Every structure is written in C-alpha cells, then in structure tokens.
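Take a look at the structure set out below.
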Amino acid sequence: SSGFIGNKKPPPQNTGSRFKFFLCVFLLLGCMQGAVYWLHFTIYGSTSSDAVQHDSSSGNLNQEKKQLRTSALQNKEKIRSSAEATAAMIRVNSDYVDGEKRLKAELSKLEALQKKGKCLGVQVSTKWMGENVPVWKCPEAEQDISTAKTALAQGDLNDDSSSITFQSPAGLAGSGAKVILEPTFGTHRSNVDAVLTFAQGYNLQNYILFIESLQNTGYEGDIVLSIASLSTLKPGVEEYLRSKKNVVVYAVKWTCFKRSGEPIPRPTAEALCLINDMFGKENGDPIEDPRDRRPLATARYELYWAWSLRYNPLSALLLIDFRDTYYQLHPFEQIERSAKGSKDGLLMFFEENADKTISDSSFNSAWIRRAYGQEVFNAIKSKPVICSGTTIGEQIAIEPYLRSMVLQFDKTRCIAKGCDQGFHNYIHYTHQLTNENGNGSSSVKGVREVKAYKQGKGVVNNLCLMREKTLKEWGLYKSETQTVLSWDGNVSPIVHQYDRDAELNLVMKERMKTLEKEWRG
C-alpha cells in the first residue's frame with residue numbers, strides 16, 4: 001500500500017533546490033514591487049510613502065486617471081493645424097516675416113525677366129536688408145568700345161520697345177564688362193564683309209585649302225580665325241598666315257579640363273574649357289570667364305559674337321566650320337542684300353538633307369533631348385536638320401543670333417560636344433528669332449527675316465547626310481571638272497563636309513598638296 005514496487009526505496013528529498021526556488025520567487029516579486037513604486041513616483045511626483053498609499057487605494061488612482069484624460073482632451077482642442085499656424089504667423093506684424101515676403105516678391109520679378117533671357121548675370125541678396133537696399137540690380141547690357149561703331153546705325157531700332165532683344169554675352173561678366181580680346185596679328189576692316197571660323201589645331205594644308213580656295217574666288221574681305229597659341233602651331237602655319245593679306249588671327253588663351261575635371265595643358269575637341277582675357281572691366285583689367293566650362297564648339301559662338309562687333313551693320317558675315325570647307329565661287333555674290341541704310345537685315349540657315357529629319361539622326365536627337373528634354377524633341381523631331389556650322393547674315397542680324405546662341409548655353413548648361421547644333425535647331429524651330437506665322441519674319445531687333453535653305457539650294461551645300469549614295473550618283477559632282485553642283489545644276493559657291501564623299505575627299509587631299517607647293521614656290 002506504500003505505492004512502491006518491489007524493494008525500491010523512494011527518491012531522496014531535494015530540500016536545497018526547493019529553498020533556492022522560493023528564494024528566487026521572493027526576490028522577483030520584490031523587484032516587481034520596487035519597479036511599480038519607482039514608476040508611480042516618476043509619473044505622479046509622489047514620495048515613496050505616497051506611492052504605497054496610491055497603490056493600496058485603487059479609488060484614488062482611478063480618480064487621477066480620469067483627471068489626466070480630461071486634461072489631455074482639453075489640450076488637444078488647442079492644437080492648430082499647419083495651415084492655421086502659418087496663417088497666424090502671417091497675421092503677426094514682423095520685420096522678419098514682412099522682409100522675407102518682400103524679398104520673395106522681388107526675386108519673382110527677377111525670375112520673370114530671366115525667363116526672357118534678361119538679367120542672367122546679376123548678383124542677388126539672400127536677405128531683406130531694408131527698403132533702401134536693392135535685392136538685385138539689372139543694368140542694361142553694356143556696349144563695349146567696338147559696339148559703338150554700330151550704335152548710331154542701330155539707335156532708332158534700339159528705341160523700339162516692342163522688339164525682342166537678347167542679353168549681351170558680356171552681361172554675365174557683370175556691370176560695365178566689355179570685350180577686351182584683341183587680334184594677335186591682322187586688322188579688322190569694319191566696312192568689308194568677313195568670314196569667321198574657328199581653326200585651332202590643324203595642319204598647314206588645312207589652312208592653305210581654306211584660305212587659297214576662298215581668295216581665289218576673288219573674295220577680298222576679312223578672314224577672321226581663332227588658332228591655338230603661336231607656340232603650339234604646326235610647322236609652317238604661322239609663317240603662312242602672316243604672309244596672307246586680309247587675314248585676322250586670334251591666338252585665344254584657354255584653360256581646359258578633361259571631363260573628369262583633370263586640367264590639361266591645351267584645348268582639345270573633347271575638353272571643357274574657359275576663355276581667358278575675353279572680358280574686362282572698364283579700366284581694361286581682365287575678368288574671369290563668367291560661364292561654366294564648355295566645349296570649344298560651344299564657346300566659339302562667343303568669339304564669333306565679339307568679332308561681329310567689329311563690322312558695320314550691313315557687312316555680310318559667314319560663320320563656317322573650318323576643317324571640311326572649301327570654296328568654288330565668291331561666298332557673298334549670290335546672296336540677297338539689304339538696301340543701304342536698312343535698320344534690320346537678313347539671316348540665312350542651311351539644311352543638311354530635306355529627306356532626313358532630326359529623329360533620323362541619333363546624334364541630333366541626343367543633342368535636343370540633352371539640352372531641352374523629350375517634350376521639345378517630340379515637337380521638332382520631324383523637322384529637317386539645320387547645320388550649325390554654316391550661317392550667313394548681315395552683321396545687324398548675325399549679332400542678335402549669336403547672342404541667342406550664347407544664351408542657349410547659359411540656359412541649358414548642355415556640355416555635350418555637338419549641343420551647339422541642338423541650340424541652333426531649337427532657336428529656329430521654336431521661333432526664338434522668328435514670328436510663328438511661318439513666313440520667316442522676325443520681331444527680334446536687327447533681324448528682318450530668317451530664311452532656311454534646303455540642302456543644295458542655297459550658296460552653301462552641306463553634304464553630311466548625303467552618304468546613302470556618292471555625290472556623282474546623286475548628280476551633284478562632275479569628275480571631269482572636279483566640281484560640286486547644286487540641285488539646279490549650277491556650281492555650289494561653298495562646299496561644306498567634302499570629306500563625306502570618298503572621291504571628293506581624295507581630290508581635296510591632292511589639291512592641298514598642289515596649293516602648298518604653289519605657296520612654297
């Protein structure tokens with residue numbers, strides 16, 4: 001009846017383990033009690049004896065809980081929304097709040113002007129300093145000393161407040177800034193026509209083909225070109241250029257960088273560069289380049305603009321690529337000219353191929369998207385590509401066009417090599433220079449009309465997008481006379497991108513050698 005089986009004895013009693021267990025339980029309960037007292041003291045600020053009293057009196061504790069909930073609800077009713085708090089702040093008279101509102105109003109005015117291309121280089125305050133302290137100051141674009149040559153002829157036109165103007169590229173350099181860039185050798189003649197080109201880093205034969213073919217047409221106007229520093233010219237180049245009359249040479253100083261930001265000793269086509277000693281103060285001291293680093297192909301339009309100021313309003317100016325151009329006839333004899341005394345002029349653009357649109361070219365598509373975005377690209381993608389490397393116009397019309405080209409970089413900061421062609425097409429197809437009626441008329445000061453000539457139908461024949469067949473197969477080249485033709489069968493005065501056609505490129509290489517031999521005697 002003892003409940004044990006056989007001779008087995010009951011297990012011994014483990015009294016030590018039981019003692020340890022009850023001791024742990026006792027200590028744990030004590031710690032919990034202490035924690036309750038500490039928490040109660042923290043919440044109610046009571047003494048330890050008060051805490052015991054509250055703990056033992058549930059009626060008093062419940063009453064205090066009700067009072068706390070009532071107080072929280074009352075405080076909640078006093079909490080305001082963010083909009084209510086803002087409105088309350090605005091109603092309070094405060095020099096700080098009112099000043100910030102005035103500052104914002106002034107900056108809104110400036111923003112509206114900058115959207116029109118004005119006042120892009122002004123310095124702006126970031127704090128309201130009082131009624132008598134301007135937030136910003138936007139002086140009218142200063143004319144440099146060479147602009148004064150054309151000021152009289154443009155005077156009445158500039159008084160027409162209904163016309164559109166673009167900020168001078170000098171404006172970004174600050175109030176009173178002017179062009180201080182001067183020719184390294186050669187002299188501008190303000191009363192003649194001029195060919196302007198960017199000609200850095202080429203071999204002697206490139207210079208000989210460009211200049212000899214041009215002057216052999218009977219052209220006697222200025223040839224203005226930019227070169228690298230004299231010390232970096234290829235053998236024979238400086239000697240040749242100095243031997244030619246009517247050639248104006250600028251050895252432009254650059255500070256250039258790789259795309260990675262690493263400085264490089266001389267400019268390259270892929271580099272991002274700053275122009276040194278382009279602008280100066282009224283006393284002639286140089287001003288650092290106010291623009292961001294940009295490709296040479298973009299920066300050349302600032303040089304063209306500065307050079308254009310050296311000529312009379314109705315001088316014909318040709319802006320053209322250097323390396324792949326030669327001349328068959330006088331560049332200006334077939335163009336339309338404005339009547340003497342005209343206060344506005346003609347501007348001429350030249351398409352690359354009427355059958356090839358912007359969207360057909362991955363390069364042109366990328367330049368538009370990069371600079372202006374998908375929406376602008378969609379709006380103009382079906383248009384023919386207009387070449388930025390060939391533009392003709394009278395000085396009075398070329399000058400505002402060049403302002404607009406420089407402005408496009410200031411607005412977009414597009415640093416891709418080739419973005420200048422994106423700028424050029426954007427300007428034309430979004431009517432930056434023309435009215436939207438489609439007839440080429442303009443409301444821009446100095447520009448009477450913009451004409452865009454189809455490929456092979458103007459004085460410039462662009463050949464870049466004609467590579468599906470040879471020029472001979474197109475009927476645009478006569479091998480027996482080595483002559484490039486327009487679509488009407490007449491000789492093209494200016495041939496651009498000749499190296500795109502294999503046969504023509506070989507002909508030009510042989511012609512370079514012949515011209516060099518003739519020059520060397």
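Since the model is a prediction, treat every value here as computed from it, not as a measurement.
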Any carboxylate oxygen within less than 4.0 angstrom of a Lys/Arg side-chain nitrogen, looking at [X] and [Y]?
X: Asp420; Y: Arg294; value: no
X: Glu518; Y: Arg511; value: no
X: Lys356; Y: Glu351; value: no

Does a donor on one side chain sit under 3.5 Å from an acceptor on the other, for [X] and [Y]?
X: Asn425; Y: Gln421; answer: no
X: Gln374; Y: Arg369; answer: yes
X: Glu394; Y: Ser338; answer: yes
X: Ser213; Y: Asn216; answer: no
X: Glu399; Y: Tyr311; answer: no

Do we get Arg300 above Phe198's six-membered ring, with its NZ or CZ under 6.0 Å from the centre and within 45° of the axis?
no
Please assess Phe166 against Tyr401 for the test ring pair (Phe, Tyr, Trp, His ring centres under 6.0 Å), listing each intermediate value before the final yes or no.
CA-CA 9 Å; Phe166 301 105; Tyr401 158 74; 9.8 Å; no
Would you mind reporting whether [Y] and [X] have side-chain heavy atoms less than 4.5 Å apart?
X: His424; Y: Phe349; value: yes
X: Phe423; Y: Tyr372; value: yes
X: Arg259; Y: Lys417; value: yes

Stepwise disulfide (SG to SG under 2.5 Å) check, Cys419 with Cys414
CA-CA 6 Å; Cys419 260; Cys414 183; 1.8 Å; yes
Using modelled atom types only, decide if a donor and an acceptor are shared between the side chain of Asn364 and the backbone of Ile358 within a distance under 3.5 Å.
no
Calculate, to the nearest 0.5 Å, the distance between atoms OH and CD belonging to Tyr477 and Gln482 respectively.
4.5 Å
